[in-house]
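Sequence lines set the chain letters: A, B, ... in the order given, protein chains first and strands last, and positions in each chain run from 1.
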Amino acid sequence: MSSFWLLKSEPSVFSIDDLAKSPHQTTCWEGVRNYQARNFLRAMAVGDQVFFYHSNADPPAIVGIAKIVKAAYPDYFSWDSSSKYFDKKSSPENPAWSMVDVKFVEKFPTPLPLDELRIVKGLESMELLRKGSRLSVQPVRKEEWNIILKLAQV
DNA sequence: GCCAACGTTGGC
DNA sequence: GCCAACGTTGGC
């Protein structure tokens, strides 16, 4: 059974439009440097679906859907000393960090802003809406996924 | 630009 | 193992 997730990205760095324009509409999700987020990446399976969220945006919003097309593998940027994602803890022999490949599925006709999601019944316990939530990779419950999907397709 | 809510680092 | 200092995220 496939699972549901949410990935945050700053649109000024990498937006959903950037994903749609990428070769094969696919990108590797590099640069996650938080253990909890990494563990969620490692739990992802091919076919899992993902909400694409724009953080540090105006307004911050869920803007579309992507899917996992390659399960977790070593984030080789972590041992590239010229990369901004370099981490001396990581090496090819002992990779500390993981990434997945993500493919564009759809962009919502209208984004779903954070402040609108906050008042939707059934989303009260969503990680995204938790005060102080900073996780850039987070699981989404099936019920939450369905509620949000319905909101997006009005 | 501010600042709350984190996670990480390193001295002890 | 504790915890202060520091760095980062991300909404506002």
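Nearest-nucleotide assignment on DNA chain B puts the 5′-proximal partner with G132(A), out of Y35(A) and G132(A).
No donor-acceptor contact under 3.5 angstrom links the side chains of N94(A) and S91(A), judged on distance only. Using a 3.5 Å distance cut-off with no hydrogens or angles, the side chains of D80(A) and Y85(A) do not pair a donor with an acceptor.
For an aromatic pair to be called close, the ring centres must be under 6.0 Å apart, and W5(A) with F52(A) fails this. In this structure, F40(A) has its ring center at least 6.0 angstrom away from the ring center of W29(A).
For Q25(A), there are no side-chain hydrogen bond (donor to acceptor under 3.5 Å, both in side chains) partners, not counting sequence neighbours.
Within the 4.0 angstrom heavy-atom criterion, only backbone atoms of the sugar-phosphate kind lie near R130(A); the bases stay farther away.
Put simply, chain A comes within 4.0 Å of DNA chain C, heavy atom to any atom, from dG7(C) to dC12(C), going 5' to 3'.
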